[in-house]
**Q** 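Sharing a structure here in C-alpha cells format.
Naming convention: chains lettered A, B, ... in sequence-line order (proteins, then strands); numbering from 1 in each chain. All of these numbers come straight from a predicted model, not from anything done at the bench.
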2 protein chains.
Amino acid sequence: MPAHAQTSTAAIVAAGRHLLEERGADALTMQDVAEAVGVRAPSLYKRVRSRSDLFRLILEDVADELTASLDAAAGSGDPVADLRAMTAAYRGFAHSNPVTYTLMFAPDSVPGATARSVRSSAALLRVVAELAGPQHTLPAARTIVAWAHGFITMELAGAFRLGGDVEQAWDFGLDQILAVMPGRSRA
Amino acid sequence: MPAHAQTSTAAIVAAGRHLLEERGADALTMQDVAEAVGVRAPSLYKRVRSRSDLFRLILEDVADELTASLDAAAGSGDPVADLRAMTAAYRGFAHSNPVTYTLMFAPDSVPGATARSVRSSAALLRVVAELAGPQHTLPAARTIVAWAHGFITMELAGAFRLGGDVEQAWDFGLDQILAVMPGRSRA
DNA sequence: TTCGCTAGGCTACGATAGTTAGCCTTGGCG
DNA sequence: CGCCAAGGCTAACTATCGTAGCCTAGCGAA
C-alpha cells in the first residue's frame, strides 16, 4: 500500500458511530466524520460506498457488540437467571447506545441490519426452550423480546409520561412474563 | 381573504402524510408535497413553518386518528373483550400506517408528538384498572403497551425472521399477558 | 365605484450536504 | 530507478431546505 493511509474503514465506522450517538442521525454528516478521522469528505468514499452504507456498517458494528453482550450474559446455567441477565444486558446496551439501538429497528434505514441481530437470538432461544418447552419456544421468545424491545423503545422515546416508577414497571413486566412461561412456573 | 387560496394546511398535511407512507421519511420532499397540492414549494412556508413542522403536524394527525380508533374499540363493557379489541385495533392501525406509526415513536423526530398519544392511554388505563386492580394499573398497562408496541415494531421492521407463524406468536403473547393480570384470571 | 391592503401565490437566490470527476503525491516493488 | 496504484485532495454538480422580495387578486372602506 503506497502512501501510508491516514485512516481506515474501522476508524471511519468508529467515528461515525460516536458522532451518531452524540448528535443524532440527521446531524451525522460526511464532513464531520471526515474531520473526525482527519481527512476530507470525498476521501471517505474510498472506503465507504455512501452515507447509507456508512450507516449499515455502523449498525452492523453495534449489532455485533450487542450479540456479544447477550452471549456473555447467558452463562449461569439457570435459565431464569440467564433470562434475567440477558434482558438486563439488553436494556443496558440500549441505554448506552440509544440512537443506534433505535436505528437498528427502523424499517427503512438498513435492509439486512436486522438480519444480523438474528444471531443474537441463538442464546435466547436456548434459554427460552428450557423455560417454555420446545413447542412454545418461538412464540415465547417473541413475547419476551417484543416486550423488552417495546419497553425500551418507549422508554428511550420518552413515551412513559404518566409518572410512576419506570424501574418498577420493568420489574413488574419481567416478573409477569416469567411467571407465565409454560414449561416451568416461577422466577 | 383575497385571491382564493389554492391549498390549505389540511391539504398539505394530508398530502404529506400520504407521500410519507408511500415513499418513506427520507424521500418526503417539500417539492413533492407542493406538487401534490398544486403549488410551488416556497408557498408551503405560508402555512407550515418548516419540514420538521410538517412532520409534527402529520404525526399529530396520525395520533388523533389512532386515539379515535382506540376509543371506538373499547365500548363493550367487558374489560377482557375491550382489551383484545384495543390491541387488535392498535395493531391494525400500525399495519395500515407503518411508516408514520414507526415515526411516532422515534425519539428525535418530533418532540411533543408522543405527548399527544398520552390521550390514547385514557381508555386503556380504564380497562386495565379493572383487570389488574388499582395498585398495578400503571405497570400492567405499560407491560401490555410495551409488548404490543414492541411486537408491532419488530413485525414492521421485518425482525421476525426465524419463520414460524407470526399471528400465532401474537395470539400467544396476548393470551400470556392476559392470563397473568393480577386482578382477574383468564380471558 | 374605486382604491388600498394583504393573503397567498411566484421566481430568484443562498446555504448545506451528498457524491462524482479527475488530478497529484507517495512509496513499495520489479 | 522508475512504474503504478492507493489514497489523498480540490473543484464541481445536484438536490433540497429555506428566505427575500415581488406580483396579483379581490375584500371592504371611503
Side-chain angles (χ1 to χ4, degrees), chain A residues 1-60 99-100 103 106 108-113, chain B residues 1-60 99-100 103 106 108-113:
Chain A
M1 297 92 189
H4 28 274
Q6 296 175 29
T7 185
S8 67
T9 303
I12 291 169
V13 170
R17 179 174 167 182
H18 184 243
L19 288 170
L20 187 54
E21 277 302 339
E22 195 159 90
R23 307 190 193 170
D26 288 348
L28 180 70
T29 70
M30 299 300 272
Q31 296 224 354
D32 287 346
V33 174
E35 188 181 357
V37 300
V39 300
R40 301 287 190 154
S43 300
L44 296 180
Y45 292 85
K46 300 284 183 177
R47 321 261 180 187
V48 161
R49 203 182 309 270
S50 65
R51 183 175 183 267
S52 69
D53 191 46
L54 175 58
F55 271 82
R56 185 183 57 81
L57 293 171
I58 291 171
L59 293 187
E60 281 179 7
V99 176
T100 42
L103 239 39
D108 317 1
S109 68
V110 177
Chain B
M1 300 82 194
H4 25 274
Q6 297 174 29
T7 185
S8 66
T9 305
I12 291 168
V13 170
R17 180 174 167 182
H18 184 243
L19 287 170
L20 187 55
E21 275 305 336
E22 195 159 88
R23 307 189 193 168
D26 288 349
L28 180 70
T29 70
M30 298 302 269
Q31 294 224 355
D32 287 346
V33 174
E35 189 180 358
V37 299
V39 300
R40 301 288 190 151
S43 300
L44 296 179
Y45 292 87
K46 299 285 183 175
R47 321 259 181 188
V48 162
R49 202 183 310 271
S50 65
R51 182 175 184 266
S52 69
D53 190 47
L54 175 57
F55 271 82
R56 184 182 57 80
L57 293 172
I58 291 171
L59 293 187
E60 281 180 6
V99 175
T100 42
L103 238 40
D108 316 1
S109 67
V110 177

**Q** Once you round it to whole Å, what is the distance between C1' of D/dC17 and CZ of B/Arg49?
**A** 16 Å
**Q** Within the pair A/Arg47 and D/dA6, is there a side-chain N or O less than 4.0 Å away from OP1 or OP2?
**A** no
**Q** Looking across every strand, which nucleic acid part, if any, lies under 4.0 Å from B/Leu44 by heavy atom: base, sugar-phosphate, or nothing?
**A**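 B/Leu44: no heavy atom of the nucleic acid under 4.0 Å.
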**Q** Quick check for you: among C/dA12, D/dC17, C/dG8, whose closest atom lies nearest to any side-chain atom of B/Pro42?
**A**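 Within the option list, the nearest is C/dA12.
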**Q** So, are A/Arg17 and A/Glu21 salt-bridged, with charged N and O less than 4.0 Å apart?
**A** no
**Q** If you look at every heavy atom in B/Ile12 and B/Arg47, which pair is closest and at what distance?
**A**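 It is CD1-CG, 3.6 Å.
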**Q** Could you work out which one of D/dT19, D/dT10, C/dT19 sits closest to the side chain of A/Ala41?
**A**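 Ranking D/dT19, D/dT10, C/dT19 by closest atom to the A/Ala41 side chain puts C/dT19 first.
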**Q** Nearest whole Å is fine: how far is D/dA12 C1' from A/Tyr45 OH?
**A** 14 Å
**Q** Just the rounded figure in Å: distance from C1' of D/dC17 to CG of B/Leu54.
**A** 12 Å
**Q** What heavy-atom pair brings A/Val33 and A/Gly16 nearest, and what distance separates the two atoms?
**A** CG2-CA, 4.1 Å
**Q** Could you please name the option among C/dG9, D/dC17, C/dT11 that lies closest to any side-chain atom of B/Arg51?
**A** D/dC17
**Q** Looking only at the side chain of B/Thr7 (C-beta and beyond, no hydrogens), which of the listed nucleotides C/dG9, C/dT20, D/dG8 gets closest?
**A**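 Selected nucleotide: C/dG9.
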**Q** Starting at atom CG of B/Asp26, determine the distance to atom C1' of D/dC17, rounded to an integer number of angstrom.
**A** 14 Å
**Q** Check the distance between C/dG18's C1' and A/Phe55's CZ and give it to me in whole angstrom.
**A**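 Whole-Å distance recorded here is 12 Å.
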**Q** What nucleotide among D/dG7, C/dG9, C/dA17 has an atom nearest to a side-chain atom of A/Thr29?
**A** C/dA17
**Q** May I have the distance from B/Leu28 (atom CG) to D/dA15 (atom P), rounded to whole angstrom?
**A** 17 Å
**Q** Of the options C/dC10, D/dG18, D/dC9, whose atoms approach the side-chain atoms of A/Lys46 most closely?
**A** D/dC9
**Q** Between B/Arg40 and C/dT11, is there a side-chain N or O to OP1/OP2 distance below 4.0 Å?
**A**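 Answer is yes, contact under 4.0 Å.
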**Q** What do the steps show when you test B/Asp32 against B/Arg23 for side chain to side chain contact (heavy atoms under 4.5 Å, CB included), and what is the final call?
**A** CA-CA 11 Å; B/Asp32 287 346; B/Arg23 307 189 193 168; 2.7 Å; yes
**Q** If you check the A/Ser43 side chain, which of C/dC10, D/dC9, D/dC17 turns out closest?
**A**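 Comparing C/dC10, D/dC9, D/dC17 against the side chain of A/Ser43, the answer is D/dC9.
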**Q** Taking all atoms of both residues into account, what is the closest heavy-atom pair of A/Val99 and A/Leu20, and its distance?
**A**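 Minimum heavy-atom contact is CG1-O, 3.6 Å.
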**Q** Check the distance between C/dG8's C1' and B/Ile12's CD1 and give it to me in whole angstrom.
**A** 11 Å
**Q** Grab the CZ-P distance between A/Arg23 and C/dT16 for me, whole Å please.
**A** 15 Å
